[in-house]
Amino acid sequence: MSDSVANGEAAGFPRSRSVEILIAPSANLIPSMMVATLGIALPDLRAAFAFSEVGAGALFSTVMIVAAGSSTIAGRLADKLRPKTVLVIGLALLALGVAGAGCTQSRPTLFFFLALTGLGYGFTPPSLYALMSDLLPRQRGLAASLVSVTYGLGGAIGAVVASLLIGAFSWRAAFLAVGAIAAAEMLAQLCCVQNVSTTRSRAQPGRFHHVLTTPLLLLALAEFVGGSVFWSSAAWTPTLLRTAKALTIEQTGWVMGLLSFANIVGSLALGALSDRFGRRKVIFASAFPAAAFAFVVFYWLDSLAPIAAGLFLFGTFKASVPALVVALAQESAPEGNPGAASGIIMSLHYASGVAAPPLAAWLISGTGDIVAAMIFACSVPLVLYGLLVGAIPEPNVRVDLRLRAQS
């Protein structure tokens, strides 16, 4: 091994795999592009298929329910078949599902292709988290953060591309474009990224119930609770801004864009800090400020600039969901099972995506006060999330890494 490669690996960033480390996270552009495209195209889909509001909501639910159910399976397969294999399968399913939905003429086939899309959605992030863990075994916080960053970028890109294509052509063109991009991404992963031999060469995944340790189960519960804040704030913060805070639709759009950017900044910052100080400590320390900023923004702030600044801080501090929880789960799971750990956490993340927005809607309707409801849906879960993660012992990864370096 050359000195340059050795030094790079000692720093936790293997230079011989730098291209793969840049290309691999781009796979997570596709799931968020799909969600953004579906959201932008929803009025056109309602018109094309004569959906009610409930029926239109079922389009999202179909994707998320299937993704929640398939994530655990995908993580387990990533440990057995290697992450890249499962990732390529997931991208292929996404490409086929989104493109098929763009071509269909009937409701049943639309739901079929969206279910296929959900299957690909469920396969992609868990296998990608496992792959990135292998590519950057000594910087799992950074590795997981890169996956979250590309998800945020995909949402922004997807919204712009979808709006342009729908305006110029139709919603079908937007779906077909995302399908084509997914196919191109699949080929890029297939040709440019290699499966990595790390712990898998020394430890084989055991039985699934052996993965379900107490720390991992607590982390899964923590992700469900913390993930509910991710989904509730994404679904209902725009409504709160436009009604309770009296922002215009243009101001709301800019503020929500800033919130998305804050998630990217927070993912990178918290990921780097967690590599230095420990995953559990950083999650615990960031959850309570995030809860406080949510309370302050929703309850006290009433003008554009303070609201934007407050939401930026809120988004930055809550960005440990789901990336750092996945990284902590990988280190808490028995050796050789990072994929299974990733799949379990992401399954609970998607399950919260199914449950949290309607629960927040029920709180808003029941209280008649969207401000109080959003404080209860964001600040309270973040406190509980921090307490759950704080109850989990920090994995002794430094000793583990020294042993791997010596072997």
Here the pair of heavy atoms bringing A329 nearest to A341 is O-CB, 3.6 Å
Between E20 and C192, the two heavy atoms sitting closest are CG-O, 3.2 Å
Distance col, row L304:CG vs L241:CG, nearest 0.5 angstrom, shows 9.5 Å
Between L45 and F175, is there a side-chain heavy-atom distance shorter than 4.5 Å? yes
Rounded to the nearest 0.5 angstrom, the CZ-CG distance for F312 and L259 is 10.0 Å
Between L110 and F51 the two heavy atoms that sit nearest each other are CD2-CE1, 3.8 Å
* Go through F224 and L388 one step at a time and tell me if the side-chain contact (heavy atoms from CB on, under 4.5 Å) criterion holds. => CA-CA 11 Å; F224 184 84; L388 284 168; over 6 Å; no
Next on the checklist: If you count every heavy atom of other residues, nucleotides or ligands that lies below 6.0 Å from R242 atom CZ, does the total exceed 12?
Outcome noted: no
If we ignore hydrogens and angles and just use 3.5 Å, is the side chain of T316 paired with the main-chain N or O of G266 as donor and acceptor?
no
Taking every heavy atom of L324 against every heavy atom of G271, the minimum-distance pair comes out as CD2-CA, 3.8 Å
query: Between F230 and H349, does the ring centre distance come in under 6.0 Å?
result: yes
Note: G141 and S274 closest approach over all heavy atoms is CA-OG, 3.6 Å
Output for pair (I392 CD1, L387 CG), nearest 0.5 Å, gives 11.5 Å
### Query
Do S352 and E223 have side-chain heavy atoms sitting under 4.5 Å apart?
no
- Item | Any donor-acceptor N or O pair under 3.5 Å, side chains S228, Y385 | no
Checklist entry - Taking side chain as C-beta onward, heavy atoms only, is V229 less than 4.5 Å from V321? => result no
**Study point:** Heavy-atom side-chain contact between D79 and P338 under 4.5 Å
**Key:** yes
* Taking S71 for the side chain and A68 for the main chain, is one N or O donor matched with an acceptor at less than 3.5 Å? -> no
| query | Do F49 and T104 pass the side-chain contact (heavy atoms from CB on, under 4.5 Å) test, and can you show the C-alpha distance, the side-chain angles, and the key distance before you say yes or no? | reply | CA-CA 10 Å; F49 292 93; T104 187; 4.2 Å; yes
Main-chain N/O of L301 paired to K245 side chain as donor or acceptor, under 3.5 Å
yes
Interatomic distance, CG@L114 vs OG1@T62, rounded to 0.5 Å, equals 6.5 Å
**Message:** Test side-chain contact (heavy atoms from CB on, under 4.5 Å) on L219 and I345; report intermediate values, then the result.
**Reply:** CA-CA 7 Å; L219 280 171; I345 299 302; 4.0 Å; yes
Q | Test item: P289 and F314 side chains (from C-beta on) under 4.5 Å apart, heavy atoms | A | no
### Message
Strictly distance-based, threshold 3.5 Å: is any side-chain N or O of D275 a donor or acceptor partner for the main-chain N or O of L142?
### Response
yes
Sidechain-backbone polar pair: T243 side chain, T239 backbone, donor-acceptor under 3.5 Å: yes
task = Go through the steps for F376 and T367 under the test side-chain contact (heavy atoms from CB on, under 4.5 Å), then give the verdict.
result = CA-CA 11 Å; F376 192 83; T367 62; over 6 Å; no
Rounding to 0.5 Å, atoms CE (M34) and OG1 (T117) come to a distance of 6.0 Å
CD of Q189 to OG1 of T85, rounded to nearest 0.5 Å, is 12.0 Å
If you define the side chain from C-beta out and look only at heavy atoms, does anything of F298 sit under 4.5 Å from T237? yes
Q. Got L165 and V161 here, is their nearest side-chain heavy-atom distance under 4.5 Å?
A. yes
Worksheet item: Less than 6.0 Å separating the ring centroids of Y350 and Y121?
Response: yes
**OP:** Just do the side-chain hydrogen bond (donor to acceptor under 3.5 Å, both in side chains) check on S133 and R140 with the steps written out, would you?
**Re:** CA-CA 6 Å; S133 173; R140 280 177 168 160; 2.6 Å; yes
Closest non-hydrogen contact found for Y129 with S148 is OH-OG, 3.5 Å
Q.
Any non-hydrogen side-chain atom of P31 less than 4.5 Å from a side-chain atom of N28?
A. yes
### Task
Take the angle between the ring planes of F284 and F288 and call it parallel below 30°, perpendicular above 60°, tilted in between.
perpendicular
